[in-house]
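Heads up, the thing below is written out as structure tokens.
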Amino acid sequence: QVRLVESGGGLVQPGGSLTLSCAASGDIHTIRIMGWYRQAPGKEREMVATIGNYGTTNYALPVKGRFTISRENARNTVSVQLNMNNLLPDDTAVYYCNAFVTVLADAHDWWGQGTQVTVSS
């Protein structure tokens, strides 16, 4: 099992910045990819950014150039941050931390509880 705890959401004005953090604990050796997803009201959950074990990153087109994902590995935890700049009202959503894990032939997604990001003047 992997436990994910998120922090850092809030209210910000358009053009502002926020940083989201996620700390993973538990069976962190099974994690292959970590990332952030978001879900706006009435919309499906969508990928925002992901980072693999070797640092390979992937960004959704709407956030490219504005968001940066980074990862830090420690002995018993893995943390991932999402630095969000030049935020737009369309970025308003609940943001979820994700850990994609594999154990032998099985794969599984773990999710955090979500943190609200609201971009509004």
Side-chain angles (χ1 to χ4, degrees):
Q1 284 194 347
V2 172
R3 181 169 179 251
L4 302 172
V5 178
E6 302 140 334
S7 60
L11 172 64
V12 64
Q13 291 188 341
S17 299
L18 271 179
T19 296
L20 305 182
S21 298
C22 174
S25 59
D27 295 328
I28 60 171
H29 63 281
T30 63
I31 297 174
R32 302 296 171 249
I33 301 171
M34 291 193 73
W36 290 93
Y37 289 68
R38 67 187 182 187
Q39 188 166 16
K43 294 187 177 181
E44 296 204 348
R45 190 173 297 189
E46 62 179 5
M47 185 275 290
V48 176
T50 63
I51 184 165
N53 280 358
Y54 299 102
T56 302
T57 57
N58 186 33
Y59 294 93
L61 280 177
V63 308
K64 247 180 186 179
R66 300 188 296 122
F67 292 11
T68 303
I69 189 169
S70 60
R71 176 173 170 162
E72 185 173 334
N73 298 322
R75 185 173 181 179
N76 296 315
T77 63
V78 175
S79 60
V80 61
Q81 280 197 327
L82 185 68
N83 293 307
M84 305 184 292
N85 296 312
N86 192 19
L87 282 159
L88 306 171
D90 282 350
D91 295 318
T92 296
V94 177
Y95 284 69
Y96 296 91
C97 181
N98 169 268
F100 175 75
V101 307
T102 61
V103 180
L104 298 177
D106 292 330
H108 187 76
D109 281 297
W110 293 98
W111 297 94
Q113 78 282 2
T115 185
Q116 177 70 47
V117 172
T118 302
V119 184
S120 175
S121 55

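Since the structure is predicted, the reported quantities are computational estimates derived from the model, not experimental observations.
To the nearest 0.5 Å, the span separating CE on Met34 from OG on Ser70 amounts to 11.0 Å. Interatomic distance, OH of Tyr54 versus CD1 of Ile33, reported as 12.0 Å (0.5 Å rounding). Within the model, atoms CG of Asn98 and OG1 of Thr50 stand 9.0 Å from one another, a figure rounded to the nearest 0.5 Å. To the nearest 0.5 Å, atoms OH (Tyr59) and CE (Met47) are separated by 10.5 Å.
In this structure the side chain of Arg45 reaches within 4.5 angstrom of the side chain of Tyr96, judged on heavy atoms. Residues Phe67 and Asp91 are in side-chain contact: their nearest non-hydrogen atoms beyond the backbone lie under 4.5 Å apart. Using a 4.5 Å heavy-atom cutoff, the side chains of Leu88 and Arg66 are in contact.
Looking at every heavy atom in both residues, Arg38 comes nearest to Ala93 through CB-CB, 3.8 Å. Closest approach of Val2 to Ala99, counting heavy atoms only: CG1-CB, 4.3 Å. Minimum heavy-atom separation, Met84 to Val117: CE-CG2, 4.0 Å.
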- Decide yes or no on side-chain contact (heavy atoms from CB on, under 4.5 Å) for Ser120 and Thr92, but give the supporting numbers first. CA-CA 8 Å; Ser120 175; Thr92 296; 5.9 Å; no
- Begin from the C-alpha positions of Arg71 and Ile69 and carry the test side-chain contact (heavy atoms from CB on, under 4.5 Å) through to its verdict. CA-CA 7 Å; Arg71 176 173 170 162; Ile69 189 169; over 6 Å; no
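The closest donor-acceptor contact from the side chain of Asn53 to the backbone of Ile31 lies under 3.5 Å. Side-chain N or O atoms of Gln116 include none that pairs as donor or acceptor with a backbone N or O of Gly9 at under 3.5 Å.
For Arg32, the CZ atom sits in a packed shell: over 12 heavy atoms of surrounding residues, nucleotides or ligands are nearer than 6.0 Å. Counted within 6.0 Å of CD on Gln1, heavy atoms from surrounding residues, nucleotides or ligands total 12 or fewer; the atom is thus considered open. No more than 12 heavy atoms of other residues, nucleotides or ligands lie within 6.0 Å of CD in Glu72, so this atom counts as exposed by the packing criterion.
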Distance-only donor-acceptor hits, side chain of residues 11-24, under 3.5 Å, sequence neighbours excluded:
unit_1, atom_1, unit_2, atom_2, d
Ser17, OG, Asn85, OD1, 2.8
Thr19, OG1, Asn83, OD1, 2.8
Ser21, OG, Gln81, NE2, 3.3

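With sequence neighbours left out, Tyr37 forms a ring pair (Phe, Tyr, Trp, His ring centres under 6.0 Å) with Trp111.
Clustering ILVMFWY residues whenever any of their side-chain heavy atoms sit less than 4.5 angstrom apart, transitively, puts Val119 in the very cluster that holds Val63.
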